[in-house]
2 protein chains.
Amino acid sequence: MLPGMEPGAQPRWLDPDERETWLALIKVLLRVPATLDAQLQRDAGISLFEYLVMAALSEAPERTMRLSDLAARAEGTLSRLSQAVARLEKRGWVRRRPDPNDGRATLGILTDEGYRQVAGGAPAHVEAVRQHVFDPLTKAQQRHLREIAERINATTGPDRRKADRF
Amino acid sequence: MLPGMEPGAQPRWLDPDERETWLALIKVLLRVPATLDAQLQRDAGISLFEYLVMAALSEAPERTMRLSDLAARAEGTLSRLSQAVARLEKRGWVRRRPDPNDGRATLGILTDEGYRQVAGGAPAHVEAVRQHVFDPLTKAQQRHLREIAERINATTGPDRRKADRF
DNA sequence: ACGTTTTACTTGCATGTTGAAGTTTTTCGG
DNA sequence: CCGAAAAACTTCAACATGCAAGTAAAACGT
């Protein structure tokens, strides 16, 4: 029972228009990340999540970031991040170092080899993003998309995440 | 290195506008499914994927579908679906039956109890969809969103799974 | 100053997912 | 028709993830 049918109930069902929108959106929501994941896995041997982590580091001052900031940036739990960093560390692309300013914190640092890895993989990734997201849209649609996404992000803010959250 | 910097390369980098759009979009792509997943897990004890499977069945004639069609509808691999159906079968919400018309195929059938489960969970799910997607948008934006999503789906079509390198 | 909370991770376990076989049934080319 | 290829699953082993605990260091309240 996808939202949008079944009368006789009090909840605000989706009307036919909203329903169509929702069906189209959920496809995007599930397909685009899967597509990018597949592309990265194939061309660079890493997951989208791992790419986001390294990409964030590559843009940070000193290519360094606190793990909790990294987790937020990559939209994942700290637990997930911790294990992702462990994997990247084994591959020699990231290393850990205790934060001198806060004994609780750990810093993740992108190594030179890690930087090369991201830099090497980025072009193909960008191309995939273009191909699957930007190219099919008009300039006006790209503008709309940005506004829509920002609006949604404003409400879907950092609420969820049961554990790792306190 | 998120798309949008580093000159001196031949690939078409994202310009600052595109970059902002992409950053906003990827947040949506990662957060919205996670949010809905959490909501369903919490309120109904099932994953988004399982919900999509049961929802698809609930709308099908005889509440019955071939597993491969189900997999396509829920945007997952057959392997994933097979195991999801196994779980739902254990809970008594779905049962399997060989397709009389094709000895290779298996049909998935939503039981009465399964139907009650979906019907019971749907209102809260719809409410979550509204809250996180539709409510923050104007009517015009909802219209745009639909067009955008349809456009993207048209290209990101079923190429998925497996390389297309040569 | 000191006990309590909060923050920042790490780790172990149960579970879910992927990818590569393996099985059975259909379909297709000749 | 017949043998080869494809389609529709199922299963198994690696691997990734979420959740619940556990540890350690700062912050906080009195």
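Letters go in sequence order (proteins before strands), and every chain restarts at 1. Just so it is clear, the values below take in all heavy atoms, side chains as well, and ignore hydrogens, waters and symmetry mates.
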Does Gly92(A) offer a backbone N or O that forms a donor-acceptor pair with the side chain of Thr111(A) under 3.5 Å?
->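 Yes.
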Looking only at atom types and distance, does a side-chain atom of Ser82(B) sit under 3.5 Å from a main-chain N or O of Ser79(B), one as donor and one as acceptor?
->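 No; judged by distance alone, with no hydrogens or angles, the pair does not exist.
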What is the distance, rounded to the nearest whole Å, between atom [atom1] of [X] and atom [atom2] of [N]?
| X | N | atom1 | atom2 | result |
| --- | --- | --- | --- | --- |
| Asp99(A) | dA8(C) | CG | C1' | 10 Å |
| Leu70(A) | dA8(C) | CG | P | 13 Å |
| Glu89(B) | dC9(D) | CD | P | 13 Å |
| Met65(A) | dC9(C) | CE | P | 13 Å |
| Glu75(B) | dT18(C) | CD | P | 12 Å |
| Gln41(B) | dG18(D) | CD | P | 11 Å |
| Asp37(B) | dG18(D) | CG | P | 9 Å |
| Leu81(A) | dT17(D) | CG | C1' | 13 Å |

Has [X] got a side-chain N or O lying under 4.0 Å from the OP1 or OP2 atom of [N]?
| X | N | answer |
| --- | --- | --- |
| Arg96(B) | dT10(D) | yes |
| Ser82(B) | dC9(D) | no |
| Arg80(B) | dG16(C) | no |

Residues Glu147(A) and Arg143(A) bridged, charged N to O under 4.0 Å |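 Result for this pair is no, no salt bridge flagged.
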Scan Ser79(B) against the nucleic acid and name what it touches under 4.0 Å (heavy atoms): base, sugar-phosphate only, or nothing.
->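 Ser79(B): base contact, heavy atoms under 4.0 Å.
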Reckon Leu78(B) touches a base, only the sugar-phosphate, or nothing at all at heavy-atom distances under 4.0 Å?
-> base
Nearest-nucleotide pick for Gln83(B), side chain only, options being dA26(D), dC9(C), dT17(C) |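 The closest nucleotide is dT17(C).
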From dT10(D), dG16(C), dC9(C), pick the nucleotide closest to the side chain of Ala105(A)?
->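 Given the options dT10(D), dG16(C), dC9(C), the side chain of Ala105(A) is closest to dC9(C).
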Sole residue of Asn153(A), Ile148(A), Leu25(A), Leu145(A) in side chain to side chain contact (heavy atoms under 4.5 Å, CB included) with Val28(B) =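 Of the listed residues Asn153(A), Ile148(A), Leu25(A), Leu145(A), the side chain to side chain contact (heavy atoms under 4.5 Å, CB included) partner of Val28(B) is Asn153(A).
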If each of Glu50(A) and Arg104(A) is mapped to the nucleotide of DNA chain D with the nearest heavy atom, which maps nearer the 5' terminus, i.e. the 5' end?
-> Glu50(A)
Geometric class of the His125(B)/Tyr51(B) ring pair [parallel <30°, tilted 30-60°, perpendicular >60°] | tilted
Establish whether the base of dG18(D) is bridged to the side chain of Thr77(A) by a donor-acceptor pair shorter than 3.5 Å.
-> no
